[in-house]
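Written out below as structure tokens is the structure these notes cover.
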Amino acid sequence: MKIATWNVNSIKARIDTVLTWFKQASPDVACLQEIKCETNAFPRLEFEALGYNCAVLGQKSYNGVALLSKHRIEDVREGLPGGAGDEQARYIEGVIATKSGALRVGSIYLPNGNPPDTDKFTYKLKWMERLIVHARELREYEEVLVLGGDYNVIPMAEDVHDAQAWSGDALFRLESRRHLRRMINLGLTDAFRACNSEPQQYSFWDYQAGAWQKNNGIRIDHLLLSPQAADRLQSCAIDKHVRAWEKPSDHVPVWCELDMAA
DNA sequence: ATGCCGGGCGAAGCCCGA
């Protein structure tokens, strides 16, 4: 069972690139972020033609998340609990029935939080607090669970080209990293780091200042696995080559393979 | 160097991202 996450930076602008990757990579389940369209404007037909079911939580202009699955998506939860008045479409979750039981998948678009001296950073930290509370609830289900998405947090200095330059940034601030560490401490596994100990492995390169050409990247797109999922983890990789395609997103797909055969 | 790209919106120029 191949499960992927990808911040596509507008599904409308990126549809050809995204479909090309889906045809090649053929993930069983995919978490998309920054679709930047309203729910009913999501290009469902294009994905259905490839055999996918779609669960979408969209929003006009900004944010927006989706779950795509070759199998039926059940028990869809739209939005992260605990956010009374939070209008930003940043979380969708669903359950996929497999031969070896339920697979629960969440698609996360965590707030950026910059600049850090504003309420944007406060919103980010509060959102992370809500995510921790929700992950703690999900832990009790003892299911195969994958929380995939654009976390907008650089876990460690080895996950950024220039840690010094990023030290004050909301993506690398200690408060953000501490909250991500709390997620891990709930018993979740960073799938990529469970499979790859090489430093300087990135999932995002800015469009500006030749960041891609200079390999000035950061690793902020993560797949966090429950113990039941981590036990089934076979591989995890970053599809870096996609960043060199025509009209790329600034993020690339990250995927893992779980053994759900039995 | 926060605004060098790139997208949304909407029809010029501003908001936003990481």
Side-chain angles (χ1 to χ4, degrees), chain A residues 5-19 21 31-43 56-66 86-91 107-128 131 148-177 179-180 192 200-222 238 240 242-254:
Chain A
T5 181
W6 192 9
N7 178 324
V8 297
N9 184 19
S10 171
I11 194 64
K12 283 184 211 162
R14 209 72 57 211
I15 188 63
D16 292 341
T17 309
V18 171
L19 291 176
W21 181 78
C31 308
L32 301 187
Q33 300 89 33
E34 276 208 273
I35 59 172
K36 289 185 174 177
C37 67
E38 289 176 297
T39 301
N40 58 16
F42 187 83
V56 180
L57 180 62
Q59 177 185 338
K60 189 178 170 71
S61 307
Y62 303 115
N63 311 314
V65 286
D86 186 355
E87 301 296 323
Q88 302 190 27
R90 294 180 175 276
Y91 186 86
S107 180
I108 290 167
Y109 179 43
L110 211 145
N112 173 305
N114 277 309
D117 59 347
T118 65
D119 54 3
K120 293 194 175 190
F121 192 54
T122 310
Y123 175 66
K124 175 179 193 154
L125 295 179
K126 280 192 175 148
W127 204 93
M128 292 189 84
L131 182 60
D150 174 1
Y151 279 73
N152 269 320
V153 180
I154 302 163
M156 310 269 276
E158 66 194 32
D159 301 308
V160 52
H161 67 279
D162 185 350
Q164 193 61 40
W166 285 79
S167 61
D169 193 281
L171 279 67
F172 198 51
R173 280 279 294 259
L174 202 53
E175 296 95 319
S176 309
R177 295 166 61 198
H179 277 62
L180 183 65
F192 185 75
Q200 326 300 325
Q201 303 296 300
Y202 308 132
S203 65
F204 169 93
W205 295 261
D206 203 302
Y207 289 120
Q208 302 179 79
W212 166 245
Q213 288 75 13
K214 292 188 262 188
N215 196 29
N216 287 349
I218 51 179
R219 191 173 71 89
I220 54 174
D221 298 273
H222 309 301
I238 301 174
K240 180 178 180 178
V242 175
R243 187 63 176 78
W245 287 1
E246 289 292 316
K247 264 185 85 84
S249 168
D250 39 7
H251 298 249
V252 296
V254 180

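The chains referred to below are lettered A, B, ... by the order of the sequence lines, with proteins before strands, and numbering in each begins at 1. What you see is a predicted model; the values in this text were computed from it and never measured.
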* Sorted by number, the residues of residues 209-217 of chain A with heavy-atom contact under 4.0 Å to DNA chain B -> Ala209(A)
Give me, pair by pair, the N or O atoms of the protein and of nucleotides 10-17 of chain B that are less than 3.5 Å apart, along with how far apart they are.
from: dG17(B); atom 1: OP2; to: Lys120(A); atom 2: NZ; distance (Å): 3.2

* Asked: Toward the 5' end of DNA chain B, which comes first, Pro115(A) or Asn9(A), by nearest nucleotide?
  -> Pro115(A)
* With Asn7(A), which of Val252(A), Val254(A), Asp221(A), Leu32(A) fulfils side-chain contact (heavy atoms from CB on, under 4.5 Å)? -> Asp221(A)
* To do: Please state the P separation for the pair dG10(B) and dG6(B) - nearest whole angstrom.
  => 23 Å
* **Distance, P atom - from dC15(B) to dC4(B), rounded to whole angstrom** => 14 Å
* side-chain contact (heavy atoms from CB on, under 4.5 Å), paired with Val153(A), selected from Arg219(A), Glu175(A), Met128(A), His179(A) -> Met128(A)
* Find the distance Ile15(A):CD1 to dG7(B):C1' and express it as a whole number of Å. => 15 Å
* Asked: More than 12 heavy atoms of other residues, nucleotides or ligands under 6.0 Å from CD of Glu246(A): is that the case?
  -> no
* Structure fact -> Across all chains, not counting sequence neighbours, the salt bridge (Lys or Arg N to Asp or Glu O under 4.0 Å) partners of Asp86(A) are Arg130(A)
* Asked: How close or far is atom P of dG6(B) from atom CZ of Arg14(A), stated in whole angstroms?
  -> 9 Å
* Structure fact -> note: Glu246(A), atom CD; dG6(B), atom C1'; distance rounded to Å ~ 14 Å
* Looking only at atom P, what distance separates dT2(B) and dG7(B), rounded to whole Å? -> 24 Å
* Whole angstrom value for the distance that separates P of dC5(B) from CZ of Arg243(A) -> 13 Å
* When you look at Ser107(A) and Gln33(A), which way does the side chain to side chain donor-acceptor pair (under 3.5 Å) test go after all the steps? -> CA-CA 7 Å; Ser107(A) 180; Gln33(A) 300 89 33; 3.2 Å; yes
* Asked: Rounding to the closest angstrom, what is the interatomic distance between dA1(B) and dA12(B) at atom C1'?
  -> 25 Å
* Centres of the Trp245(A) and Trp21(A) rings: under 6.0 Å? -> no
* Going by distance alone, is a donor N or O of one side chain under 3.5 Å from an acceptor N or O of the other, for Asn9(A) and Lys36(A)? -> yes
* **Exam field: side chain Lys124(A) to backbone Asn152(A), donor-acceptor pair closer than 3.5 Å** => yes
* Rounding to a whole Å, what distance do you find between Ile11(A):CD1 and dG8(B):P? -> 11 Å
* To do: Return the orientation label for the Tyr202(A) and His161(A) ring planes: parallel under 30°, perpendicular over 60°, tilted otherwise.
  => perpendicular
